[in-house]
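Here the structure is laid out as structure tokens; the discussion comes afterwards.
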Amino acid sequence: MGQPAGHSDRVLLGVRNVSKRFGSTQALSDVSVDFFSGEVHALMGENGAGKSTLGKAIAGLHKPDAGSITIAGRTLKPGSLEDAYSAGVRIVHQELEQCPNLSVAENLCLSDVPTRQFGLVDFQAMTEQASTLVHRLDPSIDVTRPLGELSPGRRQICQIASALEEGAGGISSPKVIVFDEPTSSLSISEADRLLDIIRELAHSGITIIYVSHRMGEIFAVCDRVTVLRDGQFVSTNVVSEIDEPTLVEQMIGRRLGDEDPQPTHSPGGEARALGKLADIDPDRPTATGKVMLSVHEMSSPGKLHNISFEVRSGEVLGIGGLVGAGRSELLCAIFGLDPKASATMTLDGQEIPIGNIRASIAAGMGFVPEDRRHEGLFFNLGVDENIVLPAMPQMANWKVPFGLRNAAAECKLVTNRLERFQVKTASLTSKPSELSGGNQQKLLIARWMGEKTKVLLLDEPTRGIDVGTKAEVYRLIRQAAAQGLAVVFVSSEMPELLAISDRIMVLAEGACTGTLTGEDMTQRNILTLATRE
């Protein structure tokens, strides 16, 4: 399906035959798309499809190798952030690029600090200027507070507010705003508020380019959707004229769950379809293996309160709850990242000291954190060393003085893991930054899902990845359980918890409010326990 015809009078932004290559990777290949004035236009596709690359090319962060980009009849200078900005193009990044130790007002005025006589900072003018921007979106935000004290949702609103700043000296006011996965780290209520803001911005005439993997958001807020696959244009569709299975088929080149009787937009329909693609049996028997991980009265001041549970070999224990319930804090405490935590914990019958990461790894525990960029991967090291780090001491040739690294064994391990987890990389020494988000996530999982791993802790493992890679991650999780690992799995998406988990433990205010099994595992019951005081 091509682009709709007969709308040339509505086109504000035009992308024509744009191509971009990074090394051996062709990120974009002869892509042409039109964006209408005042519309919310989604860019969708698997990780590595070229969505973010196209958005960054429009914003001037990437210089296309070929093609042109025009806005309101003006051809933008390729790869010029300044030219794009002066023409009215803004971008709101997925990762919050802010200074949490500074106030909201200081963050919003970093590029244009108002001054008084003798060059002194005019804090009153700064506050007024920031208030004008922020209060357009959320009047309750105090711009004099340190940005780091705000919730992720409100920090995201402040980042959007900075994109709305009116230009001076020939700089145009915002005409186009690119949103790159803006809700990936937000709670449900914060995401809903952000979608309301996006609707308001589009209604005011601003063109929104919306990059997201979340199907529900696309159908809730977008007018049209363009699909990219392997860097190439596939189609542009009117959202009201396409269904979810067709959109997914365009994204990944094959259809999900043709025999799935669930309605197109039923709650959990996507997770169930992806579960089928990953060969997950919804009627699988509950794990009956031995207790692999036992946690008794896990507590941490201000975070966790007397949480006790067990996970058996071959079982996936889902952890549900709202943002701030203590889910990530629990996994960090189990792995040894919380020095104030206290508990009695055993792994495969052996007691593990709390707060000792080395002991956890040595005992066979792996941990995939929520934030792969800041807490998971080492971006200054190659793909090979990112994988081999936990196993390096065991693989060292201790017969050689000082335990020199065993390069041959390491290379064999890395090659096997890359093949097993289907991580697409140009070479073993490529940096993680050269990989797509989905391949970064699979790289992180490949690090921890080794032959000696007994317990695998996964914190939001599908955050910010496309539907095809989600299905692969689902398959890897169930594969790990089938091999006898005990898996503890945190997810903010309840349908995902229901599709993957054998049992679900729900947290609220840092305490366990209940555990669900069998037919009791429903979204209603999860939400009821998650809101229980």
note = Heavy atoms of F489 and L497 approach each other most closely as O-CD2, 3.8 Å
Distance-minimising heavy-atom pair for T207 and S37 = OG1-CA, 3.3 Å
With a 4.5 Å limit on heavy-atom distance, are the side chains of [X] and [Y] in contact?
{"X": "L133", "Y": "L108", "result": "yes"}
{"X": "I69", "Y": "V18", "result": "yes"}
{"X": "L444", "Y": "P369", "result": "yes"}
{"X": "K431", "Y": "F379", "result": "no"}
{"X": "V227", "Y": "F233", "result": "no"}
{"X": "V238", "Y": "I242", "result": "no"}
{"X": "F179", "Y": "L201", "result": "yes"}
{"X": "I218", "Y": "M44", "result": "yes"}

Go through the side-chain N and O atoms of [X] and [Y] and say whether any donor and acceptor fall under 3.5 Å apart.
{"X": "R420", "Y": "T415", "answer": "no"}
{"X": "N386", "Y": "R447", "answer": "yes"}
{"X": "E496", "Y": "T462", "answer": "yes"}
{"X": "D30", "Y": "S19", "answer": "no"}
{"X": "Q26", "Y": "D230", "answer": "no"}
{"X": "S103", "Y": "E106", "answer": "yes"}
{"X": "D122", "Y": "T115", "answer": "no"}

Output yes when a side-chain donor or acceptor of [X] lies under 3.5 Å from a complementary backbone atom of [Y], and no otherwise.
{"X": "D142", "Y": "T144", "value": "yes"}
{"X": "K51", "Y": "G45", "value": "yes"}
{"X": "N439", "Y": "V423", "value": "no"}
{"X": "Q250", "Y": "L247", "value": "no"}
{"X": "E434", "Y": "T425", "value": "no"}
{"X": "E460", "Y": "E370", "value": "no"}
{"X": "S430", "Y": "S427", "value": "yes"}
{"X": "K20", "Y": "K63", "value": "yes"}
{"X": "D459", "Y": "V368", "value": "no"}

task = Run the numbers on S86 and R74 for side-chain hydrogen bond (donor to acceptor under 3.5 Å, both in side chains), then give the verdict.
result = CA-CA 11 Å; S86 67; R74 168 182 171 180; 3.1 Å; yes
Inter-residue atom distance L381.CG - I387.CD1, 0.5 Å rounding = 12.0 Å
request  = Walk me through it: do V134 and V104 pass the test side chain to side chain contact (heavy atoms under 4.5 Å, CB included)?
outcome  = CA-CA 9 Å; V134 173; V104 173; 4.1 Å; yes
May I ask you to say whether [X] pairs ionically with [Y], meaning some side-chain N is under 4.0 Å from a carboxylate O?
{"X": "R417", "Y": "D384", "value": "no"}
{"X": "D223", "Y": "R199", "value": "no"}
{"X": "K412", "Y": "E419", "value": "no"}

task = Quick one: do E249 and R229 satisfy salt bridge (charged side-chain N to carboxylate O under 4.0 Å, His left out)? Show the steps, please.
result = CA-CA 11 Å; E249 181 182 10; R229 186 168 67 240; over 6 Å; no
ask   = Any idea how H62 and F22 line up, ring-wise: parallel (<30°), tilted (30 to 60°), or perpendicular (>60°)?
value = perpendicular
query = side chain to side chain contact (heavy atoms under 4.5 Å, CB included) between D180 and V92: does it pass, once the steps are laid out?
reply = CA-CA 6 Å; D180 191 0; V92 176; over 6 Å; no
request  = Could you go through the side chain to side chain contact (heavy atoms under 4.5 Å, CB included) check for S235 and T226 one step at a time?
outcome  = CA-CA 6 Å; S235 67; T226 290; over 6 Å; no
ask   = Does atom CG of D138 have more than 12 heavy-atom neighbours, drawn from other residues, nucleotides or ligands, at distances under 6.0 Å?
value = yes
ask   = Is the CD atom of Q479 crowded by more than 12 outside heavy atoms at less than 6.0 Å?
value = yes
task = Begin from the C-alpha positions of T70 and R16 and carry the test side chain to side chain contact (heavy atoms under 4.5 Å, CB included) through to its verdict.
result = CA-CA 8 Å; T70 61; R16 289 290 173 269; over 6 Å; no
